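Right, one structure below, let's go through it.
Order of the sequence lines fixes the chain letters, A, B, ..., with proteins taken first and strands second; residue numbering starts at 1 for each chain. If you're wondering where the values come from, they're calculated on a predicted model, not measured in any experiment.
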2 protein chains.
Amino acid sequence: MGTTKKEHFTERQNEIAILAKALGHPARVAILDYLLKVNACICGDIVNELPLAQPTISQHLKELKNAGLIKGNVEGNAICYCIDEKGLGKLKDYFEIMMNTLEIKKNECC
Amino acid sequence: MGTTKKEHFTERQNEIAILAKALGHPARVAILDYLLKVNACICGDIVNELPLAQPTISQHLKELKNAGLIKGNVEGNAICYCIDEKGLGKLKDYFEIMMNTLEIKKNECC
DNA sequence: ATTATTTATCGTAATATTGCGATATAGTTT
DNA sequence: AAACTATATCGCAATATTACGATAAATAAT
């Protein structure tokens with residue numbers, strides 16, 4: 001018990017869930033916001049930008065990276081992080097399709 | 001410890017996180033998929049559609065509802081659930097803006 | 001070589017999530 | 001009213017997440 005029953009759902013459903021889950025924390029939304037704002041590989045800054053301890057941020061970065069929402073490259077003694085368009089694109093496509101389908105079907109409802 | 005430090009983030013970051021978190025489970029993605037597919041208020045069916053026990057599904061429905069992704073209306077002794085366009089729309093807008101900004105800025109990166 | 005800087009990992013406490021059996025609630029049917 | 005149907009809630013066990021201090025690892029600067 002306590003474990004998500006991934007095996008019962010489709011590949012796509014699991015993929016969307018993993019991506020959405022990675023964004024399911026305000027610190028991680030804030031990290032994406034920041035990476036987008038500065039528009040580049042960011043080496044270092046992130047820890048100073050957020051009101052969380054360094055190990056905590058490192059952990060959040062790892063989760064975003066594992067989910068495919070950011071990329072990280074070693075650059076000297078720092079690590080450069082930036083947005084991974086692929087992950088973000090998948091989510092954008094998903095919601096776009098959902099909303100389009102809703103509009104087409106008119107969502108006659110309650 | 002263990003609690004998310006919501007108070008340190010913006011209203012919008014928290015809102016996106018709450019919506020994304022609600023979709024951060026394949027069962028909940030599957031529920032949205034199903035509601036979209038049948039394109040109506042669904043009274044009853046959901047439990048038969050998913051490989052999870054009734055109390056578990058009830059819990060997932062509650063989370064989707066709390067996050068603002070679905071609506072539920074009492075209809076006789078059943079409850080009709082359907083997609084709430086507002087929540088889905090917010091996520092769609094968020095990802096659209098993110099991707100647009102990325103394109104404009106060209107995302108020069110690693 | 002020593003020191004400083006940057007990021008990751010370990011360990012751990014607090015809390016949250018997932019899943020479900022048992023049971024409650026509320027409306028429907030007979 | 002009794003039985004049935006649909007959904008919610010309670011309580012609990014298993015597991016996952018969040019946060020951070022301490023510490024490690026790896027490169028840079030002195």
Side-chain angles (χ1 to χ4, degrees), chain A residues 1-9 13-14 17-31 34-35 41-67 69-82 110, chain B residues 1-9 13-14 17-31 34-35 41-67 69-82 110:
Chain A
M1 248 179 273
T3 335
T4 295
K5 291 185 153 186
K6 294 187 184 184
E7 62 283 6
H8 294 151
F9 303 98
Q13 285 165 345
N14 281 310
I18 286 169
L19 286 164
K21 192 175 185 178
L23 256 144
H25 190 292
R28 296 194 288 267
V29 176
I31 289 172
Y34 182 62
L35 288 178
C41 303
I42 274 313
C43 313
D45 280 7
I46 300 178
V47 172
N48 305 316
E49 275 298 311
L50 294 182
L52 293 168
Q54 179 267 323
T56 308
I57 291 173
S58 187
Q59 206 175 299
H60 283 307
L61 287 167
K62 195 177 172 186
E63 277 170 71
L64 284 169
K65 200 174 155 193
N66 286 343
L69 284 167
I70 64 173
K71 293 182 284 188
N73 279 52
V74 181
E75 187 116 341
N77 68 339
I79 292 190
C80 285
Y81 282 109
C82 60
C110 322
Chain B
M1 249 178 273
T3 334
T4 295
K5 291 185 155 186
K6 294 187 185 182
E7 63 284 5
H8 293 152
F9 303 100
Q13 286 165 346
N14 281 309
I18 286 169
L19 287 163
K21 192 174 185 177
L23 257 145
H25 191 292
R28 296 194 289 266
V29 176
I31 289 173
Y34 181 63
L35 287 179
C41 303
I42 274 314
C43 313
D45 279 6
I46 300 179
V47 172
N48 306 316
E49 275 297 313
L50 294 182
L52 293 170
Q54 180 268 322
T56 308
I57 292 174
S58 187
Q59 204 175 301
H60 283 307
L61 287 167
K62 195 177 170 187
E63 277 169 72
L64 284 169
K65 200 172 156 196
N66 286 343
L69 284 166
I70 64 174
K71 292 182 283 186
N73 280 51
V74 181
E75 188 117 339
N77 68 339
I79 292 191
C80 286
Y81 282 109
C82 60
C110 321

Looking at every non-hydrogen atom in both residues, tell me the closest pair between A:Leu50 and A:Ile57 and how far apart they are.
CB-CD1, 3.9 Å
Does OP1 or OP2 of D:dA6 have a side-chain N or O of B:Tyr81 closer than 4.0 Å?
no
Minimal heavy-atom distance between B:Cys80 and B:Glu75, with the atoms involved, is SG-CB, 3.7 Å
For A:Glu63, report the nucleic acid contact type (base, sugar-phosphate, nothing); a contact means any heavy atom under 4.0 Å.
sugar-phosphate
Could you state the CG-P distance from B:Leu64 to D:dA8, rounded to the nearest angstrom?
12 Å
Answer yes or no: does a side-chain N or O of A:His25 lie under 4.0 Å from OP1 or OP2 of D:dA19?
yes
Kindly give the heavy-atom pair with the smallest separation between B:Tyr81 and B:Ile70, and that separation in Å.
CD2-CD1, 3.7 Å
A:Leu52 has a side chain; which of C:dA22, D:dA19, D:dT18 sits nearest to it?
D:dA19
For A:Ile57, answer base if it contacts any base atom (sugar-phosphate contacts may also be present), sugar-phosphate if it contacts only those atoms, and nothing otherwise; contact means non-hydrogen atoms under 4.0 Å.
nothing
Distance-only donor-acceptor test (3.5 Å): side chain A:Gln59, base D:dC20:
yes
At less than 3.5 Å, do the side-chain atoms of B:Gln54 and the base atoms of D:dA8 form a donor-acceptor pair?
yes
Establish, with yes or no, whether the OP1 or OP2 oxygen of D:dA19 is under 4.0 angstrom from a side-chain nitrogen or oxygen of A:Thr56.
no
5'-most contact on DNA chain D: A:Arg28 or A:Gly76, nearest heavy atom basis?
A:Arg28
Interatomic distance where CG belongs to A:Leu61 and P belongs to D:dT18 [whole Å]
13 Å
Rounded to the Å, how far apart are A:Asn73 CG and C:dT7 P?
13 Å
Would you mind classifying the nucleic acid contact of A:Thr4 as base, sugar-phosphate or nothing, using non-hydrogen atoms under 4.0 angstrom?
sugar-phosphate
Does a nitrogen or oxygen in the side chain of B:Lys21 sit under 4.0 Å from OP1 or OP2 of C:dT17?
yes
Just the rounded figure in Å: distance from C1' of C:dT17 to CD1 of B:Ile18.
16 Å
Measure across A:Leu69 and A:Leu19 and return the closest heavy-atom pair with its distance rounded to 0.1 Å.
CD1-O, 3.8 Å
Rounded interatomic separation in angstrom, taking CG from A:Asn77 and C1' from C:dT6
5 Å
Expressed in angstrom and rounded to an integer, what is the separation of A:Phe9 atom CZ from C:dG19 atom C1'?
11 Å
Heavy atoms from C-beta onward define the side chain here; which of D:dC20, D:dT7, C:dA8 lies closest to that of A:Ala53?
D:dC20
Relative to each other, are the rings of A:Phe9 and B:His25 parallel, tilted or perpendicular (30° and 60° limits)?
perpendicular
Quick one: B:Glu75 CD to C:dA26 P, roughly how many Å, whole number?
18 Å
Minimum heavy-atom separation for A:Lys6 to A:Asn14, with atom names?
O-ND2, 3.1 Å
By nearest nucleotide on DNA chain C, pick out whichever of A:Lys62 and A:Lys6 is the more 5' one.
A:Lys62
Are A:Thr3 and D:dA14 close enough that a side-chain N or O sits under 4.0 Å from OP1 or OP2?
no
Rounded to whole angstroms, how far apart are CG on A:Leu23 and C1' on D:dT18?
16 Å
